[in-house]
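Just so we're on the same page: letters track the sequence lines, and every chain starts at 1.
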Amino acid sequence: MGEMEQLRKEAESLKDDITAARKAVQDLTLQDHVAGTAVVGRVQLKTRKTLRGHLAKIYAMHWGTDSKLCVSASQDGKLIVWDSYSTNKVHAIPLKSSWVMTCSYAPSGNMVACGGLDNMCSIYNLKAKDGNVKVMRELAAHTGYLSCCRFLSDSEIITSSGDCTCLLWDIETGTEKTVFAGHLGDCMSLGVAPDFNTFISGACDFTAKLWDIRDGQCRQTFGGHESDINAIGFFPNGNAVITGSDDASCKLYDLRSDQELITFQDSSIMCGVTSLAPSLSGRLLLAGYDDFNCNIWDTLKAERVGVLSGHDNRVSCIGVTPDGMACCTGSWDSFLKIWN
Amino acid sequence: MDVYCSNNVLQARRTVEQLRLETELQRIKISAAAEQIVQYCQEHRRADPLLTGIAASSNPFKDKKTCVLL
């Protein structure tokens, strides 16, 4: 096949060009830049609340924009909306499929969404006039499991799937608006930029991709991880991306210099990262691991400055409130804990 | 050319197109990128409750002790 060989050679040559272009802007490393900065002092957070009620492994949680209500999804087949201040359950929503892997709270607070092995993203209206929470839309088009979903607004949601694609949906019509194709492995996680113009996805092809939401283009691809990327999030200023992987490390990639700036790893950590969330200023990185703990890293110095231990099984999800006041961890032990 | 072969060629063409696009990105120097990240952390450090700590009286997650009026 003459053309295949030609295309293969061209691809290799372009990859070399990208490597060279990245190297050309390496005038300094982040470590050099912060050599004079002190590591933050030991961070000791206490469990302030334990949210009890799920009867099986918790797979996902997401804070509402009021920093008080949050939604969690468990394979007991329920979505629970919690008032985290009082620990009261505001809604306990039974799901058609108990194999849920993700959930999301709409910024307006009017809806929640979830999905999993049913390959669908189900949208629930929390503010129906009769007071009953019911399914508003079932978004079906993915040919693989739903790994993550995030609302852009009450009318649009982005989903990532085991079918290696992400989709932007029109919730009103229940149809796909844009396909984001390019990953060569299951998409495991996604994060929306603070300005809502782009989003990032992490996948089992060990790469993270930055996508333009409106035109569907992949703008940048970041490699370096040696295994599946399970978790991804934006650094609060929107100019950097943080990933967490089965290779036991987290990495911070800067978008404008198009490369990895720092890796968060320790020889004593040998298990995968399941989830991550930066603190409000971005100085702290909280990451959940398979070994039942959550490590707190100094983002600039890449040193561990704290640990949250208290769960009796894998920490599967983590989220910091929009106001930065607390972080919530969800675990396979069926409990959610609020820490600050 | 059978379907399997042509799918591979299509995939390879798309890969090359994508790589061409990514090659054209304007990249800034790491010194500038690092400076922006550090500056953001500095500017928002005082407003980061997990970093500065939270007074018990202003912590919505801490149970307040109730006063009993006798």
Most heavy-atom pairs under 4.5 Å with chain A, out of R13(B), E24(B), K62(B), belong to R13(B)

Whatever's closer than 4.5 Å to a heavy atom in chain A on I54(B) counts as side chain

So, the part of L50(B) with a heavy atom under 4.5 Å from chain A: the answer is both

dist T23(B):OG1 -> I18(A):CD1 (nearest 0.5 Å) comes out at 4.0 Å

Cut-off 4.5 Å, heavy atoms of chain A, and the answer for R14(B) is neither

So, the part of L21(B) with a heavy atom under 4.5 Å from chain A: the answer is side chain

With chain B, the option among D323(A), D17(A), L284(A), L255(A) that has the most non-hydrogen atom pairs under 4.5 Å is L284(A)

Interatomic distance, CZ@R27(B) vs OG@S257(A), rounded to 0.5 Å, equals 9.5 Å

Comparing L30(A), T221(A), N239(A) against chain B, the one with the most heavy-atom pairs below 4.5 Å turns out to be T221(A)

Query raised in the report: Does any N or O in the side chain of Q26(A) come within less than 3.5 Å of the main-chain N or O of I30(B), such that one atom is a donor and the other an acceptor?
Result: no

Whatever's closer than 4.5 Å to a heavy atom in chain B on D254(A) counts as side chain

Closest non-hydrogen contact found for M325(A) with S58(B) is CE-O, 3.4 Å

When the 4.5 angstrom heavy-atom criterion is applied to A240(A) and chain B, the contacting part is side chain

Closest non-hydrogen atoms of N237(A) and Q36(B), given as atom of the first, atom of the second and distance, are ND2-O, 4.2 Å

Pair count under 4.5 Å, heavy atoms only, with chain A: among E35(B), R46(B), E43(B), Q42(B), highest is E35(B)

Okay, R8(A) and chain B: the region with an atom under 4.5 Å from a heavy atom over there is neither

Distance col, row S67(A):OG vs F61(B):CZ, nearest 0.5 angstrom, shows 7.5 Å

Point to revise | Electrostatic pair E22(B)-R219(A), nearest N-O below 4.0 angstrom | key: no

Hey, are R256(A) and Q26(B) close enough side-chain-wise for a donor-acceptor pair under 3.5 Å? no

Scored by heavy-atom pairs under 4.5 Å with chain B, the best of G306(A), C218(A), C327(A) is C218(A)

To the nearest 0.5 Å, atom NZ of K15(A) lies from atom CG of L19(B) at 6.0 Å

Heavy-atom nearest pair, L280(A) first then P49(B), reads CD2-CD, 4.3 Å

One should read off an interatomic distance between I37(B) CD1 and L261(A) CG, to the nearest 0.5 angstrom, of 5.0 Å

The interface call for A20(A) against chain B, heavy-atom contacts under 4.5 Å, is neither

Comparing T29(A), T87(A), L7(A) against chain B, the one with the most heavy-atom pairs below 4.5 Å turns out to be L7(A)

Min side-chain heavy-atom separation M4(A)-V9(B) under 4.5 Å: yes

- Item | Heavy-atom side-chain proximity of T299(A) to C41(B) below 4.5 angstrom | no

Honestly, the part of I262(A) sitting under 4.5 Å from a heavy atom of chain B is neither

- Query: How about K46(A): does its NZ atom have over 12 heavy atoms from other parts shown lying under 6.0 Å from it?
  - Reply: no

_Flag side-chain contact, heavy atom, 4.5 Å: L14(A) against V16(B)_ = yes

Are any non-hydrogen side-chain atoms of Q11(B) and L184(A) less than 4.5 angstrom apart?
yes

Among residues 31-44 of chain A, residues within the sub-4.5 Å heavy-atom range of chain B, in order of number, are H33(A), V34(A), V40(A), V43(A)

Distance col, row S279(A):OG vs R45(B):CZ, nearest 0.5 angstrom, shows 10.5 Å

